[in-house]
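Report on the following structure.
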Amino acid sequence: MIKRVKDYGNALLASKEFRNFVEKFESEINRGISKLCILSIIAQSNSAGIHGYQILKILEEKTDEILIIEEGTLYPILRKLKDDGIITSKKEKIGRKRTFYFMTEAGNKIYNYISGYFSKLTEAISSLFDVQVSLRQDRYIFCPMCANKLDRRDKELRFCDVCGHNIEKELKERSEMK
Amino acid sequence: MSEKNMEKLVKEFLKQVKEKLPEWLKDNKKELRDILDELREHIWAKAEELSGIGQPTEDSIRIAIAHMGTPQSIAKEYKRRGTPKIYITEELFPLYRKWLIAVITIIIILNIFSFIMEIILGDWNWSIDLDIFINILLAFVIITVIFVALSMEGYLPEDFKSKKEIQKEKRELEIAKERGLPISPKTGKPFKPIVKPAEKIVGGVITIVFGIILLTLPFPGIEDLINPAFLLIIRVMGVYIVVDGGIDVIRGILGNQVIIGQQITLVLKVGLAIAWIPLLIIILNSPEIIPIISYNGNSNIWYSIQIPIEYHEAFRNIIAVIIAITVISAIYNVYKAGTLEKYKTKY
């Protein structure tokens, strides 16, 4: 965000110490979040898969160009996710020979857990920054033990697949609230 | 602007990226080609969109390249692989420890050997009073610097392994999973067996035989060549070595299933290591009782000489190192007994 400001004038950003500190802080915050957002975009692409350039375009659009990563650094991140078995890739054999990325089965489970944790964390810390965060409780259940994000539309849903917690009680409470 | 110039701009950028990439990545030609292809494709696609005319222009290529970030920042991201742990990544740490132990052991052995040669040859003019410590320090610094550099470059232990070795490890993991053997949650690899039973039993028996030889000294006339005080020390050492061999035989018989038994034997080894220390201190303080037994071919007799007084300090340094190793091995055995707890967990 801070990198977008080109003219500092006499503003705080003119101070090198301030600028360095803020830049470093921003990149620390962005590191994990951008990885999670990249995973979210790949997860939403389902079986069609998605290539690197498309991922960055969606990232820019969906985050109103707030979350910007240096484009070249996307590919090392994708490679690491691939090495960890979270995503897989397939290169086009004809045409532009772009590489398409897909979630693996294990990757989907990890993504559900991390996104659940991140959602609950964002909700929990929202009051510290005086912002409102509302989770899609109508569609998801967040495991009370580990924060794993579970889709309520799954009729077979009884246990959290990450920690094994029985969530029937939560499901019942939600039904009664309706 | 010609397509040739645009190609040149992209090529130049990719060349810079390639130069900055870590060596382990450059070694994998296919991977390297894929990475550069992907970056190239990205730049052209971005430039095409930025130009707004459906065709990339030189300006749009330049902007697209600027959006990519610097070659350094791209390469840096590839290097960010290991888990940081005091400058050396967690993944490389076991390899670092292994190298450190191996090199320091070689240095100690070489120094002991050169010291013995110095005494036997008499004219050996190589002072090892401080050399051993300087060499160890030097080895420590060099190995540490190498591993810090490797960590910064993003090397992982698998980068030093062949495809064959990696496949073998995968197979071992599958076998461990099938047999329900414990797998390290940290490394994801099966735990190594605590002992190799046959190796322990054979090694233990050899140790016992060696201990009995020291205890009985079945060489006629040898007792006359040895100082009585040192003779007693040798016999006590013999007892210790027999006990040590016995413990190894028991460890071999217990195998990898009786974890508590292995822990008890390790504790016994700690007790034994502690028992060695007073003996070593006596030797440290009395170098004059140590005999160097030699053979004179001309007169066909065995004779004994003492360590020359000018070598006493070097001798003491070596014994001090041996005491330090004994203490470290005792501490290590306590640590090892503790780590065996993880073998009790069913995975």
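We name chains A, B, ... by the order of the sequence lines, and we start the count at 1 in each one.
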Determine whether A/Tyr75 and B/Leu39 make a side-chain contact, defined as any pair of heavy atoms from C-beta on separated by less than 4.5 Å. yes

Do any of residues 99-107 of chain A come closer than 4.5 Å to chain B, heavy atom to heavy atom, and if so which ones, in number order? A/Thr99, A/Tyr101

No-hydrogen, no-angle side-chain donor-acceptor test under 3.5 Å, A/Thr73 and B/Glu77: no

Enter the distance from B/Lys46:NZ to A/Glu71:CD here, rounded to the nearest 0.5 Å. 3.5 Å

A/Arg31 side chain near B/Arg80 side chain, heavy-atom distance below 4.5 Å: yes

Closest non-hydrogen atom pair between B/Ser73 and A/Glu70, with its separation: OG-OE1, 3.0 Å

At a 4.5 Å cut-off on heavy atoms, which part of A/Lys97 comes close to chain B: side chain, backbone, both, or neither? neither

Contact origin within A/Leu56 toward chain B - heavy atom pairs under 4.5 Å: side chain

Got a sec: does the NZ of B/Lys8 have more than 12 other heavy atoms crowding it under 6.0 Å? no

For B/Lys79, is the NZ atom crowded, meaning more than 12 foreign heavy atoms sit under 6.0 Å from it? yes

Structural part of B/Leu25 lying under 4.5 Å from a heavy atom of chain A: side chain

Tabulate, in ascending numerical order, the residues of residues 79-92 of chain A having at least one heavy atom closer than 4.5 Å to a heavy atom of chain B, or enter 'none'. A/Arg79, A/Lys80, A/Lys91

Minimum heavy-atom separation for A/Pro76 and B/Tyr78, please, with both atom names. CG-CE1, 3.4 Å

Within 6.0 Å of CZ in A/Phe21, more than 12 heavy atoms from elsewhere: no

Hey, is CD on A/Glu168 packed in by over 12 heavy atoms from elsewhere, all under 6.0 Å? yes

Begin from the C-alpha positions of A/His51 and B/His42 and carry the test side-chain contact (heavy atoms from CB on, under 4.5 Å) through to its verdict. CA-CA 9 Å; A/His51 58 81; B/His42 187 108; over 6 Å; no

Counting heavy atoms not belonging to B/Lys26, are there more than 12 under 6.0 Å from its NZ? yes

